[in-house]
Novice: 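For reference, the structure I am asking about is given below.
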Amino acid sequence: MERRTIGAGALAVGAVGLGCMPMSWAYSSSRQRGEESLRTVHRALDLGTTLLDTADMYGPFTNELLMGRVLKERRPDAFVSTKVGLLVGEQHIVANGRPGYVKRACDASLRRLQTDVIDLYQLHRADPEIPVEETWGAMAELVQAGKVRALGLCAVGARGGRRSGARLHDATIRQLQRVQQIFPVSAVQAELSVWSPEALETLLPWCEARGVGFLAAMPLGNGFLTGTLTPGQGFEPDDVRARHPRFTAEMMAANQPIVVGLRRIAARHGEGVTPAQVALAWVLAQGRHVVPVPGAKRERWAAENARAEALRLTSEDLAEVAELPRARGSWD
């Protein structure tokens, strides 16, 4: 697989990453099987997907423990990315950016991951009670201590901004400008996909201009862009899509033309090419500093995603994607 670099430190990763969250959290728990997930991670590594993206809150903690079982055997093959800053309670999630907590959380992540260094340590969310400079300073000390190789920032949640018309990533850019004064940002993780292209407006150019890598979260639109979901199929109560404004039966039906367009492009590239691969190839085409991180918990999906790296979209394809209808949510 093609290698891409993250940040000025030239950290090399496979062009397509693996989002590990669905294996342990946020998606249907009845379909989460540890041994199958382990096989999925091994298969991804075999195919050159080196970036494993996890977080201490996924589970919580169980996703890092799962990755640790793989890393114990294959640490040289993997680029480990995990996150800090969010705590999961019974019915809520809260931020914690206190420097002492960040350092303790890093040590705990290292133990669960069974490694002595984290390649990319990302701030999941800034704590509104703590200046982000203090949190970032503590993370920088972890780099200096040799526990972390590089630092990243996850974009501020901004889905609600679609209703107000506000530029979605202004708050994230303000945070980036602040922490960049303390220690270099190597990567930013934010949603980017065919049906959520908002990062192209300001955030992606900000990263490109500064040599900052961009990890494209949810590049398959929470599974919608794979074309494997049926409108009205329903989701388990613990599945984030059960409360997602684009996953009501009405909106899934309304957004089908997007999948139809991706399927049409896939057909031009030959038998076996899928809408998901077209969606990932579109993300890859947005810049050499962009690495899509699709979530997967099955070997077949991880393999399909990895093969998307070889798909080269034509200018005609890209123009056709640009003309696809805007994705609709239940507020539209």
Novice: Does CZ in Arg98 sit with more than 12 non-hydrogen atoms of other residues, nucleotides or ligands closer than 6.0 Å?
Specialist: no

Novice: May I ask you to say whether Arg39 pairs ionically with Asp46, meaning some side-chain N is under 4.0 Å from a carboxylate O?
Specialist: no

Novice: Kindly state each residue pair satisfying salt bridge (Lys or Arg N to Asp or Glu O under 4.0 Å) with at least one member in residues 199-217, sequence neighbours excluded.
Specialist: none

Novice: Might you work through the side chain to side chain contact (heavy atoms under 4.5 Å, CB included) test for Thr274 and Thr226, ending with a clear yes or no?
Specialist: CA-CA 7 Å; Thr274 67; Thr226 66; over 6 Å; no

Novice: Has Arg307 got a side-chain atom pairing as donor or acceptor with Gln277's backbone, closer than 3.5 angstrom?
Specialist: no

Novice: Assess whether side chain to side chain contact (heavy atoms under 4.5 Å, CB included) is satisfied between Asp53 and Lys83, documenting all intermediate values.
Specialist: CA-CA 9 Å; Asp53 187 66; Lys83 308 177 190 75; 2.8 Å; yes

Novice: If you round to the nearest 0.5 Å, how far is CG of Leu262 from CG of Asp317?
Specialist: 10.5 Å

Novice: Determine, for Arg69 against Glu35, whether the closest basic-nitrogen to carboxylate-oxygen distance falls under 4.0 angstrom.
Specialist: yes

Novice: Mind jotting down which residue pairs meet the salt bridge (Lys or Arg N to Asp or Glu O under 4.0 Å) criterion with at least one end in residues 135-146? Sequence neighbours excluded, please.
Specialist: Lys103-Glu141

Novice: Who else is in the cluster with Leu280 when I, L, V, M, F, W and Y are joined by side-chain contacts under 4.5 Å?
Specialist: Leu220

Novice: Among Thr115, Leu52, Val148, Thr54, which residue satisfies the side chain to side chain contact (heavy atoms under 4.5 Å, CB included) criterion with Thr82?
Specialist: Thr54

Novice: Backbone N or O of Met251 within a donor-acceptor pair of the Asn255 side chain at under 3.5 Å?
Specialist: yes

Novice: Looking at Glu36 and Arg298, does any basic side-chain N land under 4.0 Å from a carboxylate oxygen?
Specialist: yes

Novice: So how far is it from Ser81 OG to Arg149 CZ, rounded to the nearest 0.5 Å?
Specialist: 12.0 Å

Novice: What I'd like to find out is whether the side chain of Met23 reaches to under 4.5 Å of the side chain of Tyr58, using heavy atoms alone.
Specialist: no

Novice: Under a 3.5 Å distance rule, please check whether Ser193 uses its side chain to pair with a backbone N or O of Pro219 as donor and acceptor.
Specialist: no

Novice: Heavy-atom count check: over 12 atoms from other residues, nucleotides or ligands less than 6.0 Å from Arg312 CZ?
Specialist: yes

Novice: Taking the side chain from Ser186 and the backbone from Ile6, do they hold a donor-acceptor pair closer than 3.5 Å?
Specialist: no

Novice: Do the ring planes of Trp195 and Phe224 sit parallel (below 30°), tilted (30 to 60°) or perpendicular (above 60°)?
Specialist: parallel

